[in-house]
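Counting from 1, the numbers follow the sequence of the chain as shown. Both counts, for ligands and for their atoms, begin at 1 and track the order of listing.
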Amino acid sequence: MCQPQSPGFRVVITGKGGVGKTTLTSCLATVLARNGINVLAVDEDPQMNLPNALGVGFEAASRIVPLNSHADYIEEKTGIRPAKSGWGALFKLNPDVDDVVGRFGLRVAENLNLLVMGTVRQAGGGCLCAENVLLDATIRHLSLRNNEAILLDTQAGVEHFGRALARGFGHCLVVADSSFNALSVACHSAGLARQSGIPLVYLVVNRVAQGSEARLERFRQESGQEFAGIFDAVIELPAEPLLQALDPDVTRIMDEPGSAYAIAVTALASRLNAPPCMCGSDHHQHHEHGHQHVH
Ligand SMILES: Nc1ncnc2c1ncn2[C@@H]1O[C@H](COP(=O)(O)OP(=O)(O)OP(=O)(O)O)[C@@H](O)[C@H]1O
Ligand SMILES: [Mg+2]
């Protein structure tokens, strides 16, 4: 029998570079907040594009203090200095969203706050230094109440899966366009998301336009990958020429009632907001691998 999952919901947005992750994160955050959900949008990308996409403004964005510059807070929450403990220290406390947002977050709009992780990167790939492990754990351990959501925008690629940043998240949105490489990365990411224990993994095909279906079909044939066996749903977001004109505050697309992109993002937001079950299904799908085409 389906049991409700812990209150609130957490969504990680991942995918190859430039496929539209940050645009989708900021638009989803906007529509969920407008629907009364308390949203915490988290920017994991060291390039810190999410503040601009949310329309924070250059000056306010430049004043954001990333979470990684607060070793004292991490120490308070863990009781242990990262340098002393090595990685793997257990949390004594679960910081709640209010606490973290109150100290380090930026209020973007009603019900919408932004947190920038500022994750440290080191040459040569995955950094498992203690600071990063504890920084990731701060995000993982944020305890959510009803009506709260965390949307985590990640940097391009799959490195964050190696750090298990999104362990315990309920949804993974793997964004791709219809290019062969983006779809390959997406299929690989789906496996990593499952290994992280994320129950619902959706493929979001972005910038869908004429010719996209044929490219998707070619990918299926040439790679032998079947989306239905890999993803819980396939969701299409149309190409939206207006986004370019709205850059960098792309959330203004959500004020365009005629935008097919805005309509598709709104439908996706409703789907994420439907309470998931521990059984790994969602109420829209009833255990089936389904395709949702939103045009
Ligand atoms: N559906 C769409 N139609 C048209 N343009 C889009 C669409 N979605 C995103 N874009 C545009 O694509 C560009 C890249 O988008 P975005 O920055 O969201 O990608 P990203 O995956 O976050 O990139 P990165 O990997 O660098 O973080 C932006 O200029 C954005 O406006
Ligand atoms: Mg981005």
Side-chain angles (χ1 to χ4, degrees), residues 11-31 41-56 58 61 64 66 108 114-119 121 125 139 150-161 165-166 172-190 192-193 202-213 215-216 234-269 292-295:
V11 183
V12 56
I13 295 93
T14 186
K16 191 179 177 299
V19 290
K21 299 178 291 297
T22 301
T23 305
L24 176 60
T25 306
S26 55
C27 290
L28 276 175
T30 298
V31 67
V42 181
D43 192 355
E44 186 266 344
D45 189 345
Q47 294 186 82
M48 297 195 219
N49 292 150
L50 191 58
N52 294 329
L54 285 166
V56 161
F58 184 76
I64 292 175
V108 176
L114 168 67
L115 188 68
V116 172
M117 288 179 69
T119 312
R121 297 288 156 205
I139 300 301
I150 293 178
L151 300 185
L152 175 62
D153 181 25
T154 59
Q155 69 171 323
V158 297
E159 194 262 350
H160 59 91
F161 283 122
L165 169 61
C172 180
L173 301 181
V174 187
V175 187
D177 52 26
S178 40
S179 72
F180 194 95
N181 284 342
L183 292 166
S184 296
V185 171
C187 292
H188 178 52
S189 302
L192 296 172
Y202 297 172
L203 174 63
V204 178
V205 185
N206 192 24
R207 289 200 203 92
V208 169
Q210 224 180 2
S212 295
E213 282 304 335
R215 299 178 80 193
L216 291 176
V234 178
I235 289 162
E236 296 187 353
L237 302 179
E240 174 52 86
L242 266 181
L243 281 172
Q244 210 175 353
L246 297 177
D247 179 72
D249 178 5
V250 285
T251 61
R252 288 177 294 167
I253 197 68
M254 302 315 288
D255 298 324
E256 300 285 337
S259 161
Y261 181 84
I263 292 166
V265 171
T266 303
L268 176 55
Q292 180 199 11
H293 293 283
V294 186
H295 293 284

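Taking atom 21 (O) of ligand 1 as the reference point, the nearest protein heavy-atom neighbour is Lys21 NZ, 2.7 Å. In terms of protein heavy-atom proximity, atom 26 (O) of ligand 1 is nearest to Gly18 N, 4.0 Å. Looking from atom 1 (N) of ligand 1 to the surrounding protein, the closest heavy atom is Asn206 OD1, 2.8 Å. Regarding atom 5 (N) of ligand 1, its nearest protein heavy-atom neighbour is Arg207 NE, 3.7 Å. Shortest contact from atom 3 (N) of ligand 1 to any protein heavy atom: Glu240 N, 2.8 Å. When hydrogens are left out, the protein atom nearest atom 18 (O) of ligand 1 is Thr23 OG1, 2.6 Å; that is the closest non-hydrogen contact. Nearest protein neighbour of atom 27 (O) of ligand 1, counting heavy atoms only, is Asp45 OD2, 3.5 Å. Among all protein heavy atoms, the one lying closest to atom 19 (O) of ligand 1 is Gly20 N, 3.0 Å.
The minimum heavy-atom distance between Leu203 and Ala186, with the atom names listed, is CD1-CB, 3.8 Å. Across every non-hydrogen atom of Ala53 and Thr251, the tightest pair is O-CG2, 3.5 Å. In plain terms, the two heavy atoms of Ile13 and Thr154 that are nearest each other are O-OG1, 2.7 Å.
The backbone N or O of Pro248 sits nowhere less than 3.5 Å from a side-chain atom of Asn52 that would complete a donor-acceptor pair. With hydrogens and angles disregarded, a donor-acceptor distance shorter than 3.5 Å links the side chain of Asn206 to the backbone of Val19. Within the 3.5 Å criterion, the main-chain N or O of Leu242 finds a donor-acceptor partner in the side chain of Glu240.
The Mg ion (ligand 2) has an N, O or S atom of Thr22 closer than 2.8 Å.
The protein does not reach atom 29 (O) of ligand 1 closely, with no heavy atom under 4.0 angstrom from it.
Considering backbone and side-chain N/O atoms, Leu243 never comes within less than 3.5 Å of an N/O atom of ligand 1.
For Pro238, the heavy-atom gap to ligand 1 drops under 4.0 angstrom. Residue Leu237 places no heavy atom under 4.0 Å from ligand 1.
Pro51 is listed as a side-chain neighbour of Ile64, based on a closest heavy-atom distance under 4.5 Å.
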